[in-house]
Peer 1: 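Before we start, here is the structure in question, set down as structure tokens.
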Amino acid sequence: MATFGFFADSGLTVPLATLPVSVSTAGGATEGFVFFGSPSSGVTLTREGGTDLTVEVVDADAGSGIPASAVKLALSAPGLDSATGGAALVLGASRAGGVANALAIFWRVTLGVGSPATYTDLALQVPAVLEA
Amino acid sequence: MALSFVARTAPVNIGVLARVFGGRLILGGTAGQIYTSDDDGVTWTARTSGTTRYLAAVAYNGSTVVIAGKNGACRVSVDNGVTWAAFGQVTFSHLRGARYLGGRFFVFGADGQLYTSVTGAAGTWANGTGLYSAQEFYDVAFDAAAGRWVAVGSGTWSYPHYSDDGSAWVQTTSGGPEYASTSVANQGGTWITGASINGMARSTDGAAWTHSASAFATAPVTRHGTRWVAAGYETPGAAIGHSDDDGVTWTQSVTRGDGKFITLASNGTHVLAVGYASGSSLSARANAPLFAVSADGVNWEIDETTTPGCQQVIADGDGFIGWTTSYSGEIGIATWYRITASGGGATGETITLPLEVSAVSTAQTLGLPLRVHAVTPVTLALPLTVGVIDAAVTGGLDGAGGWAAAPNGRWQAVVVLDGVDVSALIVGQVTVECAADAARTAQFSYLPGAVQPLGLIGRPVRIAFAQAGGANAQTIFSGVVDVPAVDLQTGVVSCACHDQAQEIWANTPREAIDALVGGRWSLAVSGEPEDSFDYLRERIQSVGASWALDALQRPRVLPWRDLPRAVTIRQADVIDGSLAVELPSREQLRTRVACRLQYRYTALRRRGIVAQFELPLSFFLPMITPTTNKPAYTFLTTAMVEGALGSVAGWELEGDIVIHHPPAGTWEVGDDAFYTISARVAPDLATGFSARFSARWEQTVTEDYTLAVVWAELESQLGGPVAEEIGATLEAEFRQPGWAADTSVAPVLPGAGSVGDGRLPWQPVGYDTGARDEALRTLLDRAWVRLWSASRSGRVRLALPCRPDLWIDTWATVYTDRIQAAGQVVGVTHTLDTAGGKATTELAIAVGMPGNAAAAHPAWSLPAPPADSYAPPARAYSFEIGAFVGGLDTSPEFDDEAMTGFITNAEGAEIEGYHYYPHKLTVRSPDLAAEDRDPLELTATAEIEVSIPTDLLEFA
């Protein structure tokens with residue numbers, strides 16, 4: 001089982017099962033960041049086929065809920081301004097494990113005016129990884 | 001040689017033991033306790049220390065004792081350890097040592113702290129100058145002949161310091177011990193110390209040091225006779241060495257396979273080293289004792305049987321005192337020893353005492369006169385006078401009328417001045433006035449034969465009211481003459497006297513006042529009191545009570561209700577025409593008191609941020625196909641990354657810059673086109689990087705509380721509020737110069753190396769949230785008492801035939817045709833007119849608002865502390881690093897201001913009309929927002945309704 005994953009803190013001590021985000025029904029954006037990495041310093045993450053690792057926004061139910069384009073990802077908070085909603089974030093060809101190599105992934109969720117609801121159709125995912 | 005141990009058990013785990021004046025032992029505990037013992041530790045008396053910090057060291061100069069410990073704990077005693085006062089929070093760093101040397105006190109420890117004072121009194125302490133801030137001082141020694149102090153300690157490059165005035169220090173720069181010197185000593189101008197690296201070192205002036213040939217690690221040293229002795233550690237274990245040439249060379253005389261000697265002491269006849277034979281924890285080491293004793297410092301006897309062992313020892317008369325404690329762990333054990341050593345001394349040696357005889361020309365006789373003074377033994381005695389008075393003289397009232405104290409109105413005033421009864425010489429009136437919260441005063445005049453009026457000042461005076469003939473005398477005044485005056489025409493001397501209330505209260509210990517008054521006192525509310533009298537007047541504002549001295553000058557505190565005496569006064573008891581009532585005015589009343597407390601402290605803050613950048617390899621590589629014509633982009637280089645992130649203004653790099661290099665290899669980038677990155681070049685190129693930075697800063701936080709104590713019932717009755725405000729400020733000052741800029745300066749904030757915020761409110765003992773809450777409760781107590789005090793500003797006044805027993809300890813209920821009232825007697829005036837034969841007592845009775853209902857002092861429930869609602873946005877934790885490519889048909893004109901990040905170009909021949917960029921990397925760090933940086937004001941308001949006691953007050 002891969003030790004890489006998403007964490008709440010840069011020390012990689014609090015693994016995240018979900019990323020709760022609150023946006024006002026008046027519409028607007030909420031920003032934050034999570035950390036991607038492995039607390040094990042001796043491991044390396046690559047992608048099957050040797051291509052770049054990416055973090056993608058996937059929509060499990062494209063017909064309802066909110067679209068993947070509502071989510072922007074970047075490696076810096078200012079980078080969110082120029083990021084494309086729903087676009088994957090490239091992490092490079094490999095990532096090393098260890099707390100020092102934890103990667104901050106900045107996110108922004110933007111919604112229009114709406115009613116109170118809880119949407120669970122979106123997720124961040126890093127596909128087809130190999131941990132060695 | 002033999003060691004004998006007398007084990008003693010201390011009442012608490014021991015931090016430090018010391019012997020002070022009169023053989024008294026002082027014990028400082030691991031949790032701030034202070035005890036004293038006058039029977040060599042058999043019994044102990046707990047003293048109030050005012051701290052809970054680990055106490056580590058004691059210094060004593062013959063009259064003043066100073067004790068110091070962790071977190072800057074410092075206390076001073078000027079009564080040989082009975083009472084202890086803080087001498088101000090001179091530092092918050094850990095203090096491990098205290099000395100009195102060369103006419104100066106020193107307390108010292110971590111973070112370059114080496115405070116000094118000549119007297120030890122509060123306000124006289126100051127840190128030395130020129131001290132190395134990363135050094136933790138362990139010891140100070142003094143060379144009286146040279147007038148020089150030397151201080152040593154631990155820490156990298158912790159060379160010794162020296163000073164010629166005890167305040168300005170100079171750190172030596174080389175040659176001496178560099179790490180962990182735990183002790184330093186001077187004898188005959190030679191300084192010796194031992195360190196964890198390079199071992200023993202010596203100096204003849206404290207400034208220039210040289211290492212000795214033999215090394216011991218962290219070796220405490222002492223002088224034993226003509227010999228230096230050091231005990232510490234030398235691979236593989238505990239070791240002892242000695243030097244007979246003032247520390248130039250050392251000879252190892254004890255070597256053990258394990259363990260370590262912690263310290264040693266010489267009592268003149270023996271030297272005793274203590275430590276442990278093995279183990280790592282304090283308890284394990286205590287159970288692996290290691291004692292070494294020697295009479296000559298060369299031949300040693302080892303004891304590994306006496307359990308628990310000792311890891312601290314001091315010389316104590318003809319023996320030693322030993323105990324076990326851990327400064328770093330702040331733990332200790334309660335068992336300690338009085339240790340004596342016997343035997344030893346060199347054998348087989350010839351002890352020679354050279355005899356020098358000088359022949360002088362004339363023999364002389366030296367004389368010393370002896371004066372013997374014979375005296376007659378005396379017996380010290382204190383006469384005891386017991387007067388038994390008729391119970392009837394304090395009875396009466398309740399409508400009985402008449403003169404209970406002097407039946408048939410036959411009375412006399414008894415005035416004793418400086419031990420002489422001058423009653424027969426009294427002229428005119430004798431008056432005595434006493435009131436709540438005031439000194440008792442007296443006035444009388446008499447006609448002496450001859451007197452020097454100035455000689456009367458300060459003479460004791462006693463005044464009594466007695467039945468004619470002197471029976472059943474009741475003292476109504478004891479005190480001294482304050483102001484004498486003489487009528488030059490008549491020769492009559494008038495004396496104004498008082499009962500010395502201020503002086504007596506000023507000499508009453510605070511503990512006694514605490515017991516008498518109860519209630520609360522807060523330094524933040526009252527400030528530092530000038531004396532105990534000032535302290536009394538501050539503390540009593542938190543309870544419904546008054547202070548006074550009784551007729552025999554004994555301090556008393558009397559509650560406003562539930563008094564010890566009660567009388568009922570009816571119409572028949574009152575002198576006609578004397579009854580009067582004064583009602584409180586609206587101006588005097590209070591319906592609410594606002595309590596405002598500003599609690600100010602420094603939030604020590606840390607923020608970790610991240611600089612990240614990553615591009616796929618495909619971003620840089622060209623791709624030339626029939627349908628694609630993407631040129632190569634000039635690579636980001638390792639040098640550019642290191643240059644951009646090597647120094648970022650306002651932020652400190654944490655850890656290493658992680659640079660992602662492209663792999664070496666060859667890629668097909670089109671039809672029969674290939675792109676190669678060689679193994680030699682790849683490390684110079686980068687596809688991304690990440691680095692973490694942090695910053696520390698101080699933010700002032702003020703919690704501003706406004707709590708209104710409201711007597712709603714009265715407010716409703718008056719039709720609106722009549723308010724006042726009381727307040728206090730509690731400010732925890734943070735004094736660590738350079739803390740924000742230098743991460744090696746304590747305190748360390750949590751979360752080092754992480755991304756996000758760390759925060760440490762600087763709230764040391766005495767300025768912590770407990771002190772804040774105590775200040776708030778003190779203000780609330782005072783507010784409630786003020787409401788009550790204002791309500792009882794009404795007065796019922798009346799006069800009675802003299803009742804010398806009535807005082808402010810009396811609850812008086814008055815029933816007359818016109819009024820029914822009840823309250824505390826708050827003023828009494830006795831007037832004894834010796835000429836007219838008239839003796840009266842005028843009473844002032846305090847009455848509150850009508851209702852006659854009790855109300856308990858409230859138990860306060862404080863509001864929750866206000867919280868900071870500001871949450872920094874995500875960009876507060878992130879650098880701005882974009883990617884911009886020039887040389888494309890879509891490339892805009894270069895904008896140095898707007899384009900922050902990796903700036904590159906499409907490779908190939910330049911095309912006219914295209915915009916090409918400078919190849920560089922720039923990064924922009926986030927700013928600290930005003931909400932993070934500026935002083936923070938957090939407010940909390942609340943309104944608390946209370947009930948106030950009311951009294952009987954009805955009019956017919």
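In what follows, every chain begins at residue 1, and chains take the letters A, B, ... in the order their sequences are listed. Just so it is clear, the values below take in all heavy atoms, side chains as well, and ignore hydrogens, waters and symmetry mates.
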Peer 1: Taking side chain as everything from C-beta outward and backbone as N, CA, C, O, which of these in A:Ala74 sits under 4.5 Å from a heavy atom of chain B? Side chain, backbone, both or neither.
Peer 2: neither
Peer 1: I'd like to know if the side chain of B:Gln612 and the backbone of A:Ala104 have a donor-acceptor N/O pair within less than 3.5 Å.
Peer 2: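 Here the side-chain-to-backbone pair exists.
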Peer 1: Sort out for me which of A:Leu91, A:Thr54, A:Leu75 touches chain B most, counting heavy-atom pairs under 4.5 Å.
Peer 2: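 That would be A:Leu75.
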Peer 1: Let's test your reading of the structure: which of A:Asp9, A:Leu103, A:Val99, A:Asn101 forms the most heavy-atom pairs below 4.5 Å with chain B?
Peer 2: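 Of the options given, most contacts go to A:Leu103.
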Peer 1: Name the region of B:Pro873, side chain, backbone, both or neither, that has any atom closer than 4.5 Å to a heavy atom of chain A.
Peer 2: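 Neither part; nothing is under 4.5 Å.
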Peer 1: Could you go step by step and tell me if A:Ser10 and B:Arg692 meet the side chain to side chain contact (heavy atoms under 4.5 Å, CB included) rule?
Peer 2: CA-CA 10 Å; A:Ser10 61; B:Arg692 292 182 186 177; 3.9 Å; yes
Peer 1: Relative to chain A, which segment of B:Phe613 carries a heavy atom at a distance below 4.5 Å: side chain, backbone, both, or neither?
Peer 2: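 Contact with chain A: backbone only.
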Peer 1: Could you list the donor-acceptor pairs under 3.5 angstrom formed between side-chain atoms of residues 26-36 of chain A and any protein atom two or more places apart in sequence or on another chain?
Peer 2:
unit_1, atom_1, unit_2, atom_2, d
A:Thr30, OG1, A:Ser22, O, 2.8
A:Glu31, OE2, A:Arg108, NE, 2.8
A:Glu31, OE2, A:Arg108, NH2, 2.6

Peer 1: Please flag which part of B:Thr687 lies under 4.5 Å from any non-hydrogen atom of chain A: side chain, backbone, both or neither.
Peer 2: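 B:Thr687 has no heavy atom closer than 4.5 Å to chain A.
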Peer 1: With a 4.5 Å cut-off on heavy-atom pairs, point out which of B:Thr900, B:Val755, B:Leu617 contacts chain A the most.
Peer 2: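 Most pairs with chain A among the choices: B:Val755.
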Peer 1: What part of A:Ala93 gets closer than 4.5 Å to chain B, counting heavy atoms only: side chain, backbone, both or neither?
Peer 2: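 For A:Ala93, there is no contact with chain B at all, as no heavy atom is under 4.5 Å.
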Peer 1: Just checking heavy atoms, which of residues 66-73 of chain A are less than 4.5 Å from chain B?
Peer 2: none
Peer 1: If I take atom CG from residue A:Leu12 and atom OG from residue B:Ser754, how far apart are they, to the nearest 0.5 angstrom?
Peer 2: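 Atom-to-atom, A:Leu12:CG and B:Ser754:OG are 11.0 Å apart.
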Peer 1: Which heavy atom in A:Pro78 sits nearest to a heavy atom in B:Phe879, and how many Å separate them?
Peer 2: CD-O, 3.6 Å
Peer 1: Answer whether the closest heavy-atom distance between the side chains of A:Asp52 and B:Phe619 falls below 4.5 Å.
Peer 2: no
Peer 1: To the nearest 0.5 Å, how far apart are CD in B:Glu614 and CZ in A:Arg95?
Peer 2: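 The CZ atom of A:Arg95 is 6.0 Å from CD of B:Glu614, to the nearest 0.5 Å.
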Peer 1: State, to 0.1 Å, how close B:Ile881 and A:Ser76 come at their nearest heavy-atom pair, and which atoms those are.
Peer 2: N-OG, 4.2 Å
